[in-house]
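Single-structure report; data block below.
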There are 2 protein chains.
Amino acid sequence: MSVLEKAAQVIDVLNRNLGPAKLGVIADEVGLPKSSAHRLLNEMVGLGMARRLEDGNYTSGYRLVQWGHAADLALGIRQAAEPIMRRLSDEVAESVHLHVPEGNHRVCAAGVPGPQTLRPVIRLGTILPLGVGASGKLLLAYATDRARAEARQQADDATEASWPDEGQLALLRERGWATSTAEVESGLTAISAAVLTRTGEALGALTVAGASSRLPAERCAELRPLVVGSAREIARALGA
Amino acid sequence: MSVLEKAAQVIDVLNRNLGPAKLGVIADEVGLPKSSAHRLLNEMVGLGMARRLEDGNYTSGYRLVQWGHAADLALGIRQAAEPIMRRLSDEVAESVHLHVPEGNHRVCAAGVPGPQTLRPVIRLGTILPLGVGASGKLLLAYATDRARAEARQQADDATEASWPDEGQLALLRERGWATSTAEVESGLTAISAAVLTRTGEALGALTVAGASSRLPAERCAELRPLVVGSAREIARALGA
DNA sequence: AACCCCGTTCCTTTATCCGGAACGTCGTTC
DNA sequence: GAACGACGTTCCGGATAAAGGAACGGGGTT
């Protein structure tokens, strides 16, 4: 295993615990001998990827924030989309996500938490499969044949069983929106609208998601035009 | 030179250009033979640190966004401080920064851009020296003797010449605020207030910065209580 | 068609990384 | 207060991954 991969795992551990972690714990979780973990962490501290607190524990370093911020700017999407998403979130009083396609999966590129206590947690950069959930199916409909085939291959049995056929995908492409209930998780309902370029490619999928009890069919129908409208607005803001 | 360091440099190049970069350019800037750069980038793409676009160019990957976001949460400061900073920025119509001490320098931990076209650029994670600028001097005043000595050693000649003596530092500690004009850059004025724990340690320095022409002495005096008040509020929000 | 610029692959040398073992240091227990 | 245990740190020879020169492929240009 390469150093880079190990470093990535260490960072993941540091971030997962959302708090300082001891050397031993890190070494354990990554599956490294203490001495190796020690050497690696020392180097990472030197490069600013990690920090060492006075009490000896390790945490994420400023360099990660720097990189993330810069990468955000490079992607650009977040800056353009978040104001619009925030407004939508206020209007519908639910959490709003934006997923972008990336190879044969999708990545969370922006998110605004809703006012509810029970709400989907937003974690930027999280990878989710195509084909699952409202935005998953929607992005699948716009994906290349190759990405679609790969995504299907990676799907688990349950997902594979309910895989949308060509007709359904064509319908989704025509409408530009999708809904899902209990696909990603039981109790979770989502309404998703495509953010399209002028040429009809999908830049991303804008999604309102919340507890199913708060989002029955009629409420979804109410929300749908708002989601579709905001998605169009984001597309415009991106110059598409 | 270690792989990790090279990877960090590659990421910096990817972020600096704020746009896709070609293999050759990256290899060049990092000072690596093409074949080595190629191998490294391939691995980074595999780990999600970089992405390859259809046209063959490389960009930052989603993993960086993920890490940055998580590191932000881990630090916690930004979440607590930004709403207060946004309000302050609205009130004073200038850019607002928050710097935290880290070893013998300071790091930009949060920022809200002001409405002006001519305004200091905010780049999270940027490292600045102690002792220079309003927040630099302020944080220097609260720094440990060791950090102070190290910072002084690293200072350039001009900075060294105007290095604050013990008396000045004591004054800054007593007041809890500082101003600077043309210290970091000519034409740039800043007013900074310390964010303190209950025990009197500095968690950070809150700074309003803008063009000197918009911030003459009397305007600074006007702004000062607002900055100090917001800094106190952030301290309270952080549970200090 | 010939050329050139880039990216890609290959392969051996080399330098880096690995991790067990031994050591220090602090806090805990008897 | 001595012995123990947990945890971090240092060291060093062997294992391994990284390096980069060289040769190849392919798309665009003169």
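This one's a predicted model, so the numbers in the text were calculated from it and none came from an experiment.
Using a cutoff of 4.0 Å between basic side-chain nitrogens and carboxylate oxygens, B:R63 and A:D12 are scored as salt-bridged. A salt bridge links A:E150 with A:R146; the closest basic N to acidic carboxylate O contact falls under 4.0 Å.
Where A:V25 and A:V3 each meet DNA chain D at their nearest nucleotide, the meeting point lying more 5' is that of A:V25. When each of A:G24 and B:G31 is assigned the nucleotide of DNA chain D bearing its nearest heavy atom, the one mapping closer to the 5' terminus is A:G24. When the nearest nucleotides of DNA chain C are assigned to B:N42 and B:M1 by heavy-atom distance, the more 5′-ward of the two goes with B:N42.
The local environment of CZ in A:R232 is sparse, with at most 12 non-hydrogen atoms from other residues, nucleotides or ligands closer than 6.0 Å. Atom CZ of A:R123 has 12 or fewer heavy atoms from other residues, nucleotides or ligands within 6.0 Å.
For B:H38, counting side-chain heavy atoms from C-beta on, the closest listed nucleotide (D:dT9, C:dC17, C:dT9) is C:dT9. Counting only heavy atoms from C-beta on, A:R52 has its side chain closest to D:dG8 among C:dT8, D:dG8, C:dC17. For A:S35, the side-chain atoms get nearest to C:dG20 when compared with the rest of C:dC17, D:dG8, C:dG20. Of the candidates D:dG20, C:dC18, C:dT8, D:dG20 carries the atom nearest the B:S36 side chain, counting heavy atoms from C-beta on. Considering only side-chain atoms of A:P33, the nucleotide from C:dG20, D:dG8, C:dT8 that sits closest is C:dG20. Here D:dA18 is the nucleotide among D:dC7, D:dA18, C:dG7 with the atom lying nearest to any side-chain atom of A:S2. Checked against C:dG19, D:dT9, C:dT8, the side chain of A:R39 finds its nearest nucleotide in C:dG19.
We find that NZ of B:K22 is positioned 12 Å from C1' of D:dG27, with the value rounded to whole Å. Rounded to an integer number of Å, the gap from B:E5 CD to D:dA18 P is 15 Å. If you take CG of A:L23 and P of D:dT9, they are 7 Å apart, rounded to a whole angstrom. A:L32 places its CG atom 7 Å from the P atom of C:dC18, with the value rounded to the nearest Å. Residue A:I26 contributes atom CD1, which lies 13 Å from atom P of D:dC7 at whole-angstrom precision. Rounded to whole Å, atom C1' of C:dG19 lies 13 Å from atom CG of A:L40. Put simply, CG on A:D28 is 13 Å from C1' on D:dA6, counting in whole angstrom units. If you take CG of A:L41 and C1' of D:dG8, they are 12 Å apart, rounded to a whole angstrom.
Heavy atoms of A:K34 sit under 4.0 angstrom from at least one base atom.
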Subject >> Derivation and outcome, side chain to side chain donor-acceptor pair (under 3.5 Å), residues A:S192 and A:T207 >> reply: CA-CA 4 Å; A:S192 190; A:T207 307; 3.0 Å; yes
